[in-house]
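Just so it is clear: chains get the letters A, B, ... in the order the sequence lines come, proteins before strands, and each one is counted from 1.
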2 protein chains.
Amino acid sequence: MAISCGLLAIFLYYRLSTVDNQLISFTEENYLKIIYLLTERHNGNEVSTNQLAEHTQTKAASVSDMLRKLAEKNYINYRKYQGVTLTEAGEQIALSVIRKHRLWEVFLVEKLGFGWDEIHDIAEQLEHIDSKELTKRLDDFLENPKFDPHGDPIPDAKGKMPSVSYQKLSEIPLNQSVVMMGVSVHSPAFLQHLDKQQITLGCDLKVLEISDFDKSYGLLLNNDIRLFVSNEVARNLLVQVQNS
Amino acid sequence: MAISCGLLAIFLYYRLSTVDNQLISFTEENYLKIIYLLTERHNGNEVSTNQLAEHTQTKAASVSDMLRKLAEKNYINYRKYQGVTLTEAGEQIALSVIRKHRLWEVFLVEKLGFGWDEIHDIAEQLEHIDSKELTKRLDDFLENPKFDPHGDPIPDAKGKMPSVSYQKLSEIPLNQSVVMMGVSVHSPAFLQHLDKQQITLGCDLKVLEISDFDKSYGLLLNNDIRLFVSNEVARNLLVQVQNS
DNA sequence: ATATATTTTTAGACTAATCTAAAATTTTGT
DNA sequence: ACAAAATTTTAGATTAGTCTAAAAATATAT
Ligand SMILES: [Mn+2]
Ligand SMILES: [Mn+2]
Ligand SMILES: [Mn+2]
Ligand SMILES: [Mn+2]
């Protein structure tokens, strides 16, 4: 009985980063991850302080402090009032965190049977577990998945994000058959809404009509079922034309 | 692409405890866990400030501060200068952390193929992941293990620690056949030392002699192999007489 | 029993991450 | 182009967790 033994508890806010042996906190990892994702969403444009405040659930003043600190550590390119982008070092940390987040999400769905709407908050915690060997073995255990349960691509062990070319369903011409590849909103409410209509990753979709009345989309699902989804839904479904 | 969505990042030092909806930090969880394990090791006697300082890798002054705080939250019984024990509330938190630690250790060995000497530090991180549903599903996925890879019992979901009755190999009479059930030291060095001699959980051991020269133990392993282990090793092997 | 040694607590200080309020800068609208 | 609005940064505080040094309490040893 009894755990113990010497180094029983070396915990907390700091761990040795896997990237360049600089100390990095959970908080810093989260900022870098969010900057990466927002930059990606804005096609490479700078991320603003207010945007970061919104996504970190803090105030702009707190973000300014953190940006100064991240800039000192050379994780971000920062000119006051001008927004930020990641440096190469910062991007590598962000990609490592995103890789872990998405691998754990695959684990939660494929191995533990969670629904895709239940996993994000748990992955927010697991993404900070620091062990290169663990990530490697998890990746193998999951058979090296390339996409997470929301269709998001998983960066590889070398920190390279696969490029994907998805389009919004709302931008696809009528009667063009496409495959459902991902979602651009990850809220449980949205994902559960899709579940109810049997819209899942990999399903076949075809826009048959756009209603004059409310701009909702009349779809053919899996060449079989007719259904309507709101314009909002159509704009958040990411699809790809059949690759023949 | 892009994760994001509203509550993307609610992180850090505080989470809602699963036990009684009081906020509890990683640090507090670690103190409670260590108090539990040291109390167990001392057969229910109070744990001292200096012992905690050693095991938390901090100084006695820091421990005193934390003890005041844990006592205010009614997680420990604390009279100044007299050491501490856990309250029922504190014990439940400790057992929840220990349960998660040991379940994750089983996962790392059984599913990811880690050696029993490689898992402790990773489990130190994973034990703080806060999701009752995750723990429940992990437990099922692992087929409800009762012991971790070091032979330590896993507390059940209701927070009850199974009682085990192991003896040190050094206290077993000569020629008594016993089963190897656990280790009382968890250092990688000790575990690797056992690996080299093929001493594993569940193996059969019999003390054939205790050397007059250096008090080392001459053993019969699995009714087959003769080997010597140091007195130190014999005192840290936990065994049980065959339950017929 | 009393002096000495050990352990524990307190006092005062520091860092990371956060906040509010105020000042500085940039953007927008006419 | 310039005033008003919005955004961002700075100033000054707060909290959790830690530290060192000093004081207080307890344990030990003759
Ligand atoms: Mn997610
Ligand atoms: Mn995802
Ligand atoms: Mn362990
Ligand atoms: Mn263990």
Side-chain angles (χ1 to χ4, degrees), chain A residues 7-17 22-35 38 42 45-73 75-85 93 124 128, chain B residues 7-17 22-35 38 42 45-73 75-85 93 124 128:
Chain A
L7 307 176
L8 200 151
I10 305 171
F11 24 88
L12 295 228
Y13 307 135
Y14 296 107
R15 298 139 306 136
L16 224 44
S17 152
Q22 263 231 259
L23 293 167
I24 184 158
S25 66
F26 281 27
T27 309
E28 291 170 321
E29 285 190 347
N30 274 313
Y31 271 89
L32 295 175
K33 176 188 64 171
I34 294 168
I35 293 168
L38 290 176
H42 302 12
N45 285 322
E46 290 80 6
V47 179
S48 76
T49 300
N50 267 351
Q51 284 176 315
L52 287 172
E54 183 186 328
H55 285 83
T56 53
Q57 309 260 275
T58 62
K59 298 300 156 80
S62 310
V63 172
S64 280
D65 284 347
M66 182 57 79
L67 293 182
R68 192 182 25 67
K69 189 168 138 201
L70 292 173
E72 265 163 28
K73 294 193 177 187
Y75 293 143
I76 60 174
N77 306 116
Y78 176 44
R79 296 191 341 279
K80 280 181 197 173
Y81 296 99
Q82 306 305 305
V84 295
T85 56
I93 293 168
E124 284 292 303
H128 301 291
Chain B
L7 306 177
L8 200 150
I10 305 173
F11 23 88
L12 293 227
Y13 306 133
Y14 296 108
R15 298 137 310 134
L16 223 43
S17 151
Q22 264 230 257
L23 292 168
I24 184 159
S25 67
F26 282 27
T27 309
E28 290 170 322
E29 285 190 347
N30 274 313
Y31 271 89
L32 295 175
K33 175 188 65 172
I34 294 167
I35 293 168
L38 290 177
H42 301 15
N45 287 321
E46 290 80 7
V47 179
S48 76
T49 300
N50 267 351
Q51 284 176 316
L52 287 172
E54 183 186 327
H55 284 84
T56 54
Q57 308 260 274
T58 62
K59 298 300 158 78
S62 310
V63 173
S64 282
D65 284 346
M66 182 57 79
L67 294 183
R68 194 181 26 66
K69 188 168 139 201
L70 292 173
E72 265 165 28
K73 294 193 177 187
Y75 294 143
I76 60 174
N77 306 117
Y78 175 45
R79 294 189 344 276
K80 280 182 196 173
Y81 297 99
Q82 305 305 305
V84 294
T85 56
I93 293 169
E124 285 293 303
H128 301 290

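- One can place CD of A/Gln51 at 13 Å from C1' of D/dT8, the figure rounded to the nearest angstrom.
- The side-chain contact (heavy atoms from CB on, under 4.5 Å) test with A/Val84 singles out one residue from A/Tyr75, A/Tyr31, A/Tyr78, and that residue is A/Tyr78.
- When rounded to the nearest whole Å, the span between CG of B/Asn30 and C1' of D/dA16 equals 15 Å.
- Residue A/Tyr31 has no polar side-chain atom (N or O) positioned under 4.0 Å from OP1 or OP2 of C/dA16.
- In this structure, the side chains of B/His55 and B/Lys33 stay at 4.5 Å or more apart for every pair of heavy atoms.
- Every residue meeting the side-chain contact (heavy atoms from CB on, under 4.5 Å) condition with B/Glu46, not counting sequence neighbours, appears here in chain and number order: B/Thr85.
- Rounding to whole angstrom units, CZ of residue A/Phe26 and P of D/dA16 are separated by 19 Å.
- In this structure, A/Thr49 and A/Ser64 approach most closely via the heavy-atom pair CG2-OG, 4.1 Å.
- The nearest whole Å value for the distance from the CG atom in B/Asp65 to the P atom in C/dA13 is 15 Å.
- The shortest heavy-atom contact between A/Ala60 and A/Asn50 is CB-OD1, 3.6 Å.
- Separating the CD atom of A/Glu46 from the P atom of C/dT26 is a distance of 14 Å, rounded to the nearest angstrom.
- The phosphate of C/dT18 has neither OP1 nor OP2 within less than 4.0 Å of any side-chain N or O from A/Lys59.
- Close to D/dA6, at under 4.0 Å from its OP1 or OP2, lies no side-chain N or O of A/Asn50.
- Between A/Phe26 and A/His128, the ring-plane angle classifies as parallel under the 30° and 60° cut-offs.
- Regarding B/Arg68, its CZ atom lies at a distance of 17 Å from the P atom of C/dT8, rounded to whole Å.
- Distance B/Leu67 CG to D/dA16 C1': 15 Å, rounded to the nearest Å.
- Minimum interatomic distance between B/Met66 and B/Thr27 (heavy atoms only, all atoms of both residues): CE-CG2, 3.5 Å.
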Under 4.0 Å protein heavy-atom contacts per nucleotide of nucleotides 22-29 of chain D, with B for base, S for backbone only and - for none: --BSS---
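- A/Met66 has its CE atom 16 Å from the C1' atom of D/dT9, to the nearest Å.
- Phosphate proximity of C/dT9 to B/Ser64: present, with a side-chain N or O under 4.0 Å from OP1 or OP2.
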Pairing pattern in dot-bracket form [Watson-Crick, G-U; both distances under 3.5 Å; | = partner strand] for DNA chain D: ||||||||||||||||||||||||||||||
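- B/Gln51 pairs in a side-chain contact (heavy atoms from CB on, under 4.5 Å) with only one of the listed residues (B/Thr56, B/Ile34, B/Ile35, B/Leu38), which is B/Leu38.
- Among the heavy atoms of the strands lying under 4.0 Å from A/Ser62 is at least one base atom, whether or not backbone atoms are also near.
- Look at A/Thr49 and you'll find a side-chain N or O under 4.0 angstrom from OP1 or OP2 of D/dT9.
- For the pair A/Thr58/A/Leu52, no side-chain contact is recorded, criterion being any heavy-atom separation below 4.5 Å from C-beta on.
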